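All chains are named by letter (A, B, ...) in the order of the sequence lines, taking the proteins before the strands, and each is independently numbered beginning at 1. The structure presented is a predicted model; accordingly, all values stated were derived computationally and were not measured.
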2 protein chains.
Amino acid sequence: MSRAEPETTPQDDAARAGWLYYVGGMTQDQIATELGISRQRAQRLVTRAMAEGLIHVRLNHRLQSCLDLESELRNRFGLIRCRVMPSLGQGGDPVATVASAAAAELERFLRQSEPLVIALGTGRAMRGMVDALTPMAAMQHRIVSLIGNISPDGSASFFDVVMRIADKVRAPHYPMPVPVISPTPEENAAFHALPPVRRVVDLARNADVVFVGVGQMSEDAPLLTDGFFTRSELEEMWAAGAAGEVAGWVYDSSGSYLDVGTNRRTGGVPVAPGLARPAVGVAAGATKVNAIRAALKSRIINILITDETTATAVLSQS
Amino acid sequence: MSRAEPETTPQDDAARAGWLYYVGGMTQDQIATELGISRQRAQRLVTRAMAEGLIHVRLNHRLQSCLDLESELRNRFGLIRCRVMPSLGQGGDPVATVASAAAAELERFLRQSEPLVIALGTGRAMRGMVDALTPMAAMQHRIVSLIGNISPDGSASFFDVVMRIADKVRAPHYPMPVPVISPTPEENAAFHALPPVRRVVDLARNADVVFVGVGQMSEDAPLLTDGFFTRSELEEMWAAGAAGEVAGWVYDSSGSYLDVGTNRRTGGVPVAPGLARPAVGVAAGATKVNAIRAALKSRIINILITDETTATAVLSQS
DNA sequence: GAAATGAGTGAGCATTTAATCGCACTATGG
DNA sequence: CCATAGTGCGATTAAATGCTCACTCATTTC
């Protein structure tokens, strides 16, 4: 037979194979026959469709145990909303667990017709959320970064989250053109005095919705492993009672921002505690428990998206 | 034996197993270990999670060929919107193909905050759509049936679609308490004269959105196989040029309702052609091609959700 | 112009999954 | 109290899947 159309992209093929497999329930052999390709190729297309996120899988049932945890967290910390996903066991990646729920929460806001300013932090949780996001047209909103996008080595990888999300929803986006953490308070202030920076800062400060990850301040603190802190800075923060970090701003176990160390040189906008506007924290993992509890206490975040084991741990102590 | 927690339902277990399998990417063996059950049991739970619709799978990519068909259908028939899903090959069930897309379209309306009156027909396509619908709170809307729910044998199975959807979204619902087709025009008129019926009819007639399947009038007409038509009635309609049927009302190949046969005794509300409010037709399958084309011509429906082969066929003739 | 690189391909094989079967347990009605 | 139908379970076996490897072909690099 003759394939008249040469105009199918590889991704099209992958999507079609994945569709036939997951929705149509066909075997890879049948797909191979249907599309006139070898079984191996069909298998690769199916794998690829999943890997590239062309196929979305969602759980459509609320586990009773998760619902219980949600209501307890809501009551204990006075949250607007809370979402607890089932854990994936010790082998599983907590980020993957919460990513789809976080994406759903974000979509909830994106679907609103009145224009919103949506501020975002960075980190693995945010990255996972954006990857799980379904592309949709939501140009009415503005996406703004809370945190500087200039990293110590000069790379702009932190730019990624805001750029990727803005790309998926075709919304205007505002990266924060300052260093994540400047060498001196003066240099940080100099950046923030620049008019373009001030405009982004104002936008972020008055955002209608905030999405952030939550960083732990233990040995494996993201800010340390990613090279934004030195070890001595971390120890200085420990001495001051550091419990966690949101958007680069370090707070103690009661959820109050510290006035020492890097906090005097951090660029961008801290997430103000106790406000009424939605502030969504996306975080899961055993090491983050204390950081999450502290952020909830002062209501730096008032919506929490986490997994079952983390939720249990957050509630168990305190 | 001792069951320590009596507080996990079988469905909870199935959902958890399905989550671990599809989202966590774990093997059924790992799940069995994780949950402390046998492999076979894990496998049964996973299967069940899928069968009961606890796991939703969606395609997150638009195939170029489908996009092309969509824009051509939109232009040709002046549609508001059109959605073409990839076909599942000759073995596949067309209803399964379009169900998830139809559900997504319905959810689009359900998510709107201003209250809507949503009118629905019946049939396999509607049933599939409702099954694929994600449960969500949308109490602001009212769900009303376009078609009678009393079938010839007295059963109320047609009630199902409206009831199920209302159950899933917790919205008030209004079944149409009249026979689908009455034995005589007089009896039909008598039913429609009843005040409670009139209220439902008024609601349906002024609905903000309409969702319907499209029935073919060939040998395998749903109205015939489901026992609402006799064969002689079908032949009478053929003689008058019957091409298809929407919500029980039969129209010819130009999409005009006929004034013969059962149309004089059909209960409920016909979908008025050519209106501006969205009227979504959900239909796929080779036998429905003519019925779909006719419904599009007079714009009984102005949004179409179908599959690739059907879309191609609808466009090929005419 | 030749070698290197890298993505894509098909074959064979190990692992994982689905289907079938027989057995035990339970509820229901004689 | 026993018989019987129905349901769920584990073991076995057939099918399907995923993984590795050697190979090709096109493009790049020296």
Do you see a donor-acceptor pair shorter than 3.5 Å between the side chains of B/R58 and A/T134?
no

Could you work out which one of C/dT16, D/dG10, D/dG18 sits closest to the side chain of B/T27?
C/dT16

In this structure, how many angstroms lie between the C1' atom of D/dA15 and the CD1 atom of A/I31, rounded?
15 Å

Could you check how far CD of B/Q30 sits from C1' of C/dT15, rounded to whole Å?
12 Å

Distance, rounded to the nearest Å, where A/L20 contributes CG and D/dT17 contributes P:
12 Å

Could you check if a side-chain atom of B/V84 sits within less than 4.5 angstrom of a side-chain atom of B/D307, using non-hydrogen atoms only?
no

Basic-acidic side-chain contact under 4.0 Å: A/R81, A/E105
yes

Is the distance from OP1 or OP2 of C/dT17 to the nearest side-chain N or O of B/Y21 less than 4.0 Å?
yes

Please give, in whole Å, the distance from D/dC9 C1' to B/Q28 CD?
16 Å

Considering only side-chain heavy atoms of B/Q40, which listed nucleotide, C/dG12, C/dT9, D/dT12, is closest?
D/dT12

Under 4.0 Å, heavy atoms only, any strand: does B/R39 hit a base, just the sugar-phosphate, or nothing?
nothing

Quick one: does A/Q64's side chain get under 4.5 Å of A/L67's, heavy atoms only?
yes

Any N or O donor-acceptor pair under 3.5 Å from the base of D/dG18 to the side chain of A/R44?
no

Protein-nucleotide distance (B/D29, atom CG; D/dT17, atom C1'), rounded to Å
15 Å

Taking the side chain of B/R41 as heavy atoms from C-beta outward, which of D/dG10, D/dG18, C/dT9 is closest to it?
D/dG10

Is any side-chain nitrogen or oxygen of A/S38 closer than 4.0 Å to OP1 or OP2 of C/dG10?
yes

Ignoring backbone atoms, test whether B/Q43 places a side-chain nitrogen or oxygen under 4.0 Å from the OP1 or OP2 oxygen of C/dA18.
yes

Sidechain N-carboxylate O distance under 4.0 Å for B/R16, B/D12
no

In whole angstrom, give the distance that lies between atom CZ of B/R48 and atom P of D/dT7.
13 Å

